[in-house]
Structure formats: structure tokens, C-alpha cells
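First the proteins, then the strands, lettered A, B, ... as listed; each starts at 1.
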Amino acid sequence: MRPKDRSSFNQLVFEICRSIPSGRVITYGGIAACIEHPTNMDPFAYDRIKARWVGYALKDCPDDVPWHRVINARGQISARPGCEFQRTLLEDEGIAFGKSGRINLKHYNWNPMPLKSR
DNA sequence: GGCATGACAAAGG
DNA sequence: CCCTTTGCCATGC
């Protein structure tokens with residue numbers, strides 16, 4: 001994927017985020033897995049790359065994007081300034097945190113409609 | 001134009 | 001289960 005395509009990639013990320021209902025969460029990789037992009041890259045490696053790009057996209061997302069519903073694959077909130085606030089938002093939506101600050105993905109994970117089949 | 005860093009994740013120890 | 005390594009590349013100095 002070339003920098004030129006980043007903009008459209010980000011738009012897809014935002015679109016998926018907006019489809020997450022209150023009280024549910026998704027992982028960075030989960031979002032990445034919904035976005036297929038024409039590439040010659042090894043798909044196995046590509047998914048991990050995209051997961052990183054999802055984080056970049058959310059760094060400066062529009063106000064109507066529920067960025068707080070995106071967590072990492074371990075069910076935890078990724079460390080960064082403001083992460084305490086994210087936990088508060090999720091708890092307000094009824095999401096319970098485990099002892100080590102982890103969310104039960106089995107129960108809260110949201111599976112969005114794939115934008116393109118894989 | 002190198003070099004370090006990062007809202008990631010899988011695999012290995 | 002926790003910690004480290006590895007793949008990868010956009011970004012900022």
C-alpha cells in the first residue's frame with residue numbers, strides 16, 4: 001500500500017469504528033482483517049502491518065468515531081496518554097474489566113460486516 | 001536521508 | 001501467563 005492510499009484506508013477504519021455498537025469492542029487486528037487491499041504482499045505479514053496502521057488512523061480521527069471501542073488483541077487498552085479516560089468510557093457502556101485490566105473478548109468482541117471478502 | 005519510535009500482533013522461551 | 005524477539009513501515013527529528 002502506498003502513502004497515496006492511506007487516506008482511503010483511514011476512511012474504512014473510521015467507517016468500521018462507527019459500526020461498533022455501544023457496549024462492544026473490537027481489536028486493531030480485527031479492523032485490519034475486515035479491510036482487504038490489493039497488494040502483492042504476504043497476507044500473513046500484511047495483517048499485522050495493517051493493525052499498526054489502524055492505530056495511526058485513530059490517532060487523529062473525526063469526533064464522531066468511537067475510537068475508545070478499539071483495544072488490542074490481548075483485550076487491554078493500549079498504553080498512551082489518556083488511556084484512563086478510555087476505560088471510563090467503556091465502563092460507562094457496561095463493559096467489565098478483569099482483574100488485570102483485561103476485557104473478555106469472547107463476550108464483548110464485535111464482528112463487523114466485512115467491507116470486502118477475504 | 002539515515003535513525004529511532006510506535007494506540008500492533010504472532011511466535012518462541 | 002509474562003517477557004522478548006521479529007516483521008513492517010509511516011512519521012518525526
Side-chain angles (χ1 to χ4, degrees):
Chain A
M1 180 183 288
R2 301 272 64 85
K4 159 181 173 299
D5 304 309
R6 289 288 309 238
S7 163
S8 59
F9 178 86
N10 290 1
Q11 294 309 314
L12 293 176
V13 171
F14 300 151
E15 188 177 326
I16 293 172
C17 283
R18 283 189 276 254
S19 77
I20 309 171
S22 176
R24 307 296 291 277
V25 296
I26 194 174
T27 65
Y28 297 94
I31 292 179
C34 293
I35 303 176
E36 182 166 10
H37 197 279
T39 177
N40 300 322
M41 195 180 295
D42 170 24
F44 180 73
Y46 190 53
D47 275 347
R48 284 183 285 170
I49 301 165
K50 285 192 298 185
R52 257 193 153 159
W53 287 344
V54 170
Y56 280 111
L58 292 178
K59 191 171 58 176
D60 39 25
C61 63
D63 291 337
D64 63 326
V65 173
W67 53 269
H68 60 281
R69 296 182 187 138
V70 185
I71 60 178
N72 63 35
R74 292 161 12 198
Q76 297 177 301
I77 293 173
S78 294
R80 67 185 181 289
C83 57
E84 308 84 6
F85 180 52
Q86 180 175 4
R87 174 167 178 154
T88 303
L89 289 174
L90 291 174
E91 287 178 327
D92 286 348
E93 295 184 351
I95 293 178
F97 283 75
K99 191 147 192 173
S100 47
R102 272 181 273 174
I103 295 173
N104 187 336
L105 282 175
K106 299 268 188 204
H107 193 264
Y108 294 110
N109 192 53
W110 168 250
N111 298 103
M113 294 282 292
L115 296 180
K116 291 181 181 180
S117 63
R118 305 180 50 75

inquiry  = Can you tell me the base-pairing partner of B/dG2? Count Watson-Crick or G-U wobble geometry only, both distances below 3.5 Å, and say none if there is no partner.
reply    =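 Looking at the geometry, B/dG2 pairs with C/dC13.
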query = Can you tell me the Watson-Crick or wobble partner of C/dC8, both distances under 3.5 angstrom?
reply =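 The base-pairing partner of C/dC8, which may sit in any strand shown, does not exist here.
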Measure from [atom1] on [X] to [atom2] on [N] and round the result to the nearest Å.
| X | N | atom1 | atom2 | value |
| --- | --- | --- | --- | --- |
| A/Tyr28 | C/dC9 | OH | C1' | 18 Å |
| A/Arg74 | C/dC1 | CZ | P | 12 Å |
| A/Gln76 | B/dA9 | CD | C1' | 13 Å |
| A/Asn109 | B/dA9 | CG | P | 11 Å |
| A/Leu105 | B/dA10 | CG | C1' | 15 Å |
| A/Ile26 | B/dC8 | CD1 | P | 15 Å |
| A/Ile35 | B/dC8 | CD1 | C1' | 14 Å |
| A/Asn72 | C/dC3 | CG | P | 14 Å |

request  = Name the closest nucleotide to the A/Trp53 side chain, picking from C/dC9, B/dA7, B/dA9.
outcome  =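 Looking only at side-chain atoms, A/Trp53 lies closest to C/dC9.
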query = If only atom types and distance count, is the side chain of A/Arg87 paired as donor or acceptor with the main-chain N or O of A/Ile77 below 3.5 Å?
reply =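 A pair under 3.5 Å: no.
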Shortest non-hydrogen contact between [X] and [Y], atoms and distance:
| X | Y | answer |
| --- | --- | --- |
| A/Cys17 | A/Val70 | SG-CG2, 3.8 Å |
| A/Ile16 | A/Cys34 | CD1-CB, 3.8 Å |
| A/Ala57 | A/Asn10 | CB-OD1, 3.4 Å |

task = Give the ring-plane orientation class for A/Trp53 versus A/Phe9, where under 30° counts as parallel, over 60° as perpendicular and anything between as tilted.
result =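 A/Trp53 vs A/Phe9 ring planes: perpendicular.
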message = Base, sugar-phosphate or nothing for A/Ala79? Non-hydrogen atoms, less than 4.0 Å.
response =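 The answer is sugar-phosphate, as A/Ala79 gets under 4.0 Å only of primed atoms, P, OP1 or OP2.
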ask   = Do A/Gln86 and A/Ile71 come close enough that some side-chain heavy atom pair is under 4.5 Å?
value =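 Yes, side chains in contact.
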query = Does any non-hydrogen side-chain atom of A/Val25 lie less than 4.5 Å from one of A/Trp110?
reply =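 Heavy-atom side-chain distance check fails, nothing below 4.5 Å.
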inquiry  = Suppose the criterion is side chain to side chain donor-acceptor pair (under 3.5 Å): which pairs have a residue in residues 54-65 of chain A, not counting sequence neighbours?
reply    =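 Non-adjacent pairs meeting side chain to side chain donor-acceptor pair (under 3.5 Å): A/Arg18-A/Asp64.
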request  = Measure the NZ-CD1 distance between A/Lys50 and A/Ile31 for me, rounded to the nearest 0.5 Å.
outcome  =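 Those atoms lie 11.5 Å apart.
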Below 3.5 Å is the cut-off: list the nitrogen or oxygen pairs between protein and nucleotides 3-6 of chain B, distance only.
residue, atom, partner, partner atom, Å
B/dG6, N1, A/Arg52, NH1, 3.3
B/dG6, N2, A/Tyr56, OH, 2.5
B/dG6, N3, A/Tyr56, OH, 2.7

query = In residues 93-102 of chain A, what residues come within less than 4.0 Å of DNA chain B, judged by heavy atoms?
reply =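 Contacting residues: none.
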task = Could you tell me whether the phosphate oxygens of B/dC8, OP1 or OP2, come under 4.0 Å of any side-chain nitrogen or oxygen in A/Ser78?
result =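 Yes, because at least one side-chain N or O of A/Ser78 sits under 4.0 Å from OP1 or OP2 of B/dC8.
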